[in-house]
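Everything below concerns the one structure shown next.
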Amino acid sequence: MIQGCENPQIDPLLRRAPRISYRLADATVALKEPGTLALFGFGAGSPGSDDPRYLRVALECFDAPAPLEIWQVDAPVIHGTDGALHWSAGGGWLFAAIELDESRLGGPSATAQLAYEQLHRFVAARGAQHVLRVWNYLGAINHGEGDAERYKHFCDGRAAGMGDFFAEGFPAATAIGHRGDPHRLQVYLLACDQSGTWVENPRQVSAWRYPRQYGRTPPSFARAMLLPAQDALAISGTAAVVGHASAHHDDLDAQLDETLTNLEALLASADMTAGFDTHSTLKAYVRHAADAPRVREFFRQRLPGVPVLLLHGDICRSELLVEIDGWRYA
Ligand code: 3EB
């Protein structure tokens, strides 16, 4: 069990978690604020910016106007680009993002491999870094049957490209299908010069131990990651998976209930108090646009006051209708 979470006596030598928030703000203004490490817009209508800290995520947001997501640290931030990769760093934290066009690279496996090789090379060159959290957004994720499904090819390429990148343990992660240009792969990460604590969910088989029926290459992620000062939990994409099986096929309400049970189990597993609050920025990825109002109603009733972004995204198993990820501060 993890010590010191209930009453965090934060060691001043440990890196305080970045502040993650959603804000209806002007991108230029948000980028000028001191300590802005990363800024995200959602969907084709979101602002454009050449600042390396900015990423336009290829997922449409059901909220109009769509807020921006902002990551802030208590330190000066530097930034740059390196080929297809853009990055920023400050206060011991590192953000890196890469966007690749599959049509020039020979399919989802080769593209994922290249993305992870380039991220690995870049992060390794910056010295001792621990990748704590990764987000993957790919097009047409459920296209293809069985082993030919594009998500399975993505998992192959990710495993091939990471090499020994995550030798100390897999980061927390999300992998979601977007409805934009099907050839576009977006991968971004948060790393730190201090390590986190891996958290698994006792209700779920660890993803890297999934049986063969889910693909040749099991997905490589931890269910959650406690940040170095144990002041925040980075929660991976969480769905209605119990054991290794998908529960409540095609039943949105039951999947939402099961997902919330999984999220609470993760908090307990991290020795955190139960529940989510007004600082717990969550994202709900919703497969069918028509389900968005019901998902919103679920949050209103079950997680009142919790900031949630509703995004149009496909979950990597076609029977799953919704997935939730995000942050819980201690
Ligand atoms: C699951 O529980 C749902 O491939 O990186 C969730 C989070 C899922 C991350 C990934 C996949 C990934 O298996 C799917």
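Order of appearance sets the numbers: ligands from 1, and atoms from 1 within every ligand.
Each of the atoms 1 (C), 2 (O), 13 (O) of ligand 1 lies under 4.0 Å from some heavy atom of Y210. In the vicinity of P219, heavy-atom distances shorter than 4.0 Å reach the ligand 1 atoms 4 (O). Close contacts of ligand 1 with C316, meaning ligand atoms under 4.0 Å from a residue heavy atom, involve 8 (C), 11 (C), 14 (C). If you number the atoms of ligand 1 from 1 as listed, the ones under 4.0 Å from a heavy atom of A173 come out as 5 (O), 7 (C), 9 (C).
For atom 10 (C) of ligand 1, the nearest non-hydrogen atom from the set G237, A240, A175 comes from A175. Nearest-heavy-atom check against atom 8 (C) of ligand 1 across F170, Y285, F221 picks out F221.
A salt bridge links E149 with K152: the distance from a Lys NZ or Arg NE/NH1/NH2 to an Asp or Glu carboxylate oxygen falls below 4.0 Å. The residues E60 and R179 are annotated as not salt-bridged, no charged nitrogen and carboxylate oxygen being separated by less than 4.0 angstrom. A salt bridge does not link R287 to E323: none of the charged nitrogens lies less than 4.0 Å from a carboxylate oxygen. Of the charged side-chain nitrogens involved, none lies within less than 4.0 Å of a carboxylate oxygen, so that E117 and R158 do not count as a salt-bridged pair. In summary, K32 and D26 do not engage in a salt bridge, as defined by a charged side-chain N under 4.0 Å from a carboxylate O.
When atom types are taken as modelled, the side chain of R150 and the backbone of P182 share a donor-acceptor pair closer than 3.5 angstrom.
In summary, the aromatic rings of W87 and F95 are positioned with their centroids too far apart to meet the 6.0 Å limit.
Of all protein heavy atoms, the one closest to atom 3 (C) of ligand 1 is E323 OE1, 3.9 Å. The closest protein non-hydrogen atom to atom 2 (O) of ligand 1 is R223 NH1, 2.9 Å.
For H244, no heavy-atom contact with ligand 1 is shorter than 4.0 Å. The proximity of A239 to ligand 1, defined as any non-hydrogen pair under 4.0 Å, does not occur for either the backbone or the side chain.
In summary, of the residues considered (R328, R16, R19), a salt bridge (Lys or Arg N to Asp or Glu O under 4.0 Å) with D231 occurs for R16 alone.
Through side-chain heavy atoms spaced under 4.5 Å, either directly or across other Ile, Leu, Val, Met, Phe, Trp or Tyr residues, L68 is tied to L31, L39, Y54, I70.
Note on ligand 1: F154 sits outside its first shell, no heavy atom being nearer than 4.0 Å. Close to ligand 1: Y151, with a non-hydrogen atom less than 4.0 angstrom away.
In terms of polar-atom proximity, R158 is counted as a contact of ligand 1, with an N or O under 3.5 Å from an N or O of the ligand.
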